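In what follows, chains carry the letters A, B, and so on, assigned in the order in which the sequence lines appear, proteins first and then strands, with residues in each chain numbered from 1. Note that these values count all heavy atoms, side chains included, but never hydrogens, waters or copies made by symmetry. Values in this document were obtained by computation on a predicted structure and should not be read as measured data.
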Number of protein chains: 2
Amino acid sequence: MSSKESLSTVEKILQAAEELFAERGFDGTSVNLIAEKADVNKAMIYYHFKDKNDLINSMFERILREAEHYLKRAFAAHSDSGIEVSHLDRIEEELNFLSKRKRIISVMMMEALKGDEKDNYFFKCAERVFKHELKGFKSESGEIEENSSDRQRDLVYEFFTGFVPIIAFVVFNEKWCDYFKCDSDKAMEYFLESFRKTHLASNF
Amino acid sequence: MSSKESLSTVEKILQAAEELFAERGFDGTSVNLIAEKADVNKAMIYYHFKDKNDLINSMFERILREAEHYLKRAFAAHSDSGIEVSHLDRIEEELNFLSKRKRIISVMMMEALKGDEKDNYFFKCAERVFKHELKGFKSESGEIEENSSDRQRDLVYEFFTGFVPIIAFVVFNEKWCDYFKCDSDKAMEYFLESFRKTHLASNF
DNA sequence: GTCTATAGCAGGATAGAC
DNA sequence: GTCTATCCTGCTATAGAC
């Protein structure tokens with residue numbers, strides 16, 4: 001099922017690249033190494049992808065689509081059912097979704113930290129989240145927005161005290177527990193408590 | 001004063017490396033490029049540093065010492081003077097200190113995100129901060145700690161809802177304002193407000 | 001301490017047979 | 001779609017003159 005042999009070539013490449021990029025960074029990973037780990041001939045990588053950049057961009061585009069899909073589903077489900085879902089439950093569900101993709105997210109963050117002029121997929125993802133969470137948030141297209149102070153205020157708040165801590169928890173969880181000798185389940189419990197008492201408790 | 005010519009060779013190298021690592025990442029930056037930007041002969045880099053890794057580690061060790069010094073001074077000053085300094089004022093002072101070093105901090109974070117087994121200077125820095133901020137926090141040495149649940153809880157809270165948002169604001173501030181078309185001063189104002197209403201407002 | 005020159009190899013990418 | 005062989009640039013690192 002999840003064994004290498006049963007996956008398509010493209011899938012094998014993407015999976016290997018994801019693991020290696022997360023482990024060693026994009027520039028620290030050679031195409032040779034990806035081919036080796038994916039158990040695929042190097043030329044096949046250039047058959048399926050224009051170059052190394054095209055490879056990482058495909059990864060990013062895919063997760064963007066997945067996130068879009070997840071958000072639509074999640075918000076639709078929550079408004080369909082009469083049941084009010086608590087913020088904390090939604091966060092747990094979100095953490096679960098994100099944890100499965102934590103390697104790509106790490107890579108996205110590394111690339112977003114660089115100063116070069118590439119597309120910032122980290123911000124793009126955040127934008128998608130805000131579009132669902134903040135009522136009346138629009139961005140797409142060249143439309144000039146009424147960049148009201150209130151919206152800017154909400155954005156800063158949502159990003160730096162909401163989105164960022166969650167993403168940080170996802171990408172640093174494991175390394176954190178190793179370094180500070182903390183049990184993983186405990187860390188999760190403490191994080192949810194912290195998040196509830198800070199971001200979720202504020203009357204923004 | 002701050003012109004290239006007045007700096008020592010080592011200083012020129014470190015400064016150029018810092019800018020390039022922040023712009024393109026550690027692995028994305030060649031020693032050739034560093035030499036060129038620093039206006040220094042490449043062989044000089046290998047004269048002063050064992051290799052490229054030694055170069056980045058020197059940067060990290062230096063900022064660790066600077067942080068240590070800053071924290072000692074800041075906490076000493078605040079307890080000396082009878083004047084109670086508000087949390088928010090301390091945060092602003094801290095942001096100022098960190099902003100001047102945002103490039104190294106970005107690099108530290110990129111490296112911390114990688115999965116390899118190098119020293120995690122990002123966590124090391126956080127540890128130093130906690131040592132000053134959390135009463136009774138000790139770590140150093142092989143001493144086995146009473147890793148009480150309470151301390152672990154505090155650590156998670158301080159790191160993910162305090163340290164991380166601040167660091168994220170420092171490293172993403174500029175890129176954020178570009179992307180979301182936000183004025184830099186406004187962003188700072190909104191961030192401080194957000195931080196006050198979340199991390200600082202919780203009764204942890 | 002500073003510079004030139006170069007070793008030695010790994011990297012991204014492609015041509016072309018099957 | 002898959003594989004072999006290869007190009008060639010650019011990389012880290014060092015030797016050795018001054």
Legend entry - Rounded distance (Å) that lies between atom C1' of C/dG11 and atom CZ of A/F26: 12 Å
Legend entry - From D/dT12, D/dT4, D/dT14, nucleotide with atom closest to A/A43 side chain: D/dT4
Inset, instruction - Would you indicate which nucleotide in D/dA13, C/dT2, D/dT4 comes nearest to any side-chain atom of B/K52? - result: D/dA13
Legend entry - Rounded distance in Å - CG (B/L33) to C1' (C/dG11): 17 Å
Inset, instruction - Drop me the distance from B/Q152's CD to A/W176's CH2, to the nearest 0.5 angstrom. - result: 8.0 Å
Legend entry - Below 4.0 Å: OP1/OP2 of C/dA10 and any side-chain N or O of A/S30: no
Legend entry - Within 45° cone and under 6.0 Å: A/K197 NZ/CZ vs B/F204 ring: yes
Inset, instruction - Would you mind telling me which of D/dA15, C/dT14, D/dT2 lies closest to the side-chain atoms of A/H48? - result: D/dT2
Legend entry - Gap between atoms CG and P, on B/L7 and C/dG1 respectively (whole Å): 15 Å
Inset, instruction - Hey, can you tell me if B/F97 and B/Y70 have their rings parallel, tilted or perpendicular (30° and 60° cut-offs)? - result: parallel
Legend entry - Protein-nucleotide distance (A/K50, atom NZ; C/dG12, atom P), rounded to Å: 14 Å
Inset, instruction - Calculate, to the nearest 0.5 Å, the distance between atoms CG and CD belonging to A/L55 and A/E18 respectively. - result: 10.5 Å
Legend entry - Below 4.0 Å: OP1/OP2 of D/dC11 and any side-chain N or O of B/N32: yes
Inset, instruction - Please determine if a side-chain N or O atom of A/Y46 lies less than 4.0 Å away from the OP1 or OP2 oxygen of C/dA13. - result: yes
Inset, instruction - May I have the distance from A/I45 (atom CD1) to C/dG12 (atom P), rounded to whole angstrom? - result: 9 Å
Inset, instruction - Mind checking A/D51 for me? I need base, sugar-phosphate or nothing, with any heavy atom below 4.0 Å counting as a touch. - result: sugar-phosphate
Inset, instruction - Ignoring backbone atoms, test whether A/T9 places a side-chain nitrogen or oxygen under 4.0 Å from the OP1 or OP2 oxygen of D/dG1. - result: no
Inset, instruction - Quick one: label B/K42 by what it contacts on the DNA or RNA (base, sugar-phosphate, nothing), any heavy atom closer than 4.0 Å. - result: base
Inset, instruction - Write down the distance between CG (A/L55) and P (C/dA13), rounded to a whole number of angstrom. - result: 10 Å
Inset, instruction - Tell me, with the steps shown, if A/Y190 and B/F160 meet ring-ring contact (aromatic ring centres under 6.0 Å, His included). - result: CA-CA 10 Å; A/Y190 298 150; B/F160 289 104; over 10 Å; no
Legend entry - Length of the CG-P vector between A/L20 and C/dG11, whole Å: 12 Å
Legend entry - For atom CG of B/D54 and atom C1' of D/dT14, their distance in whole Å: 16 Å
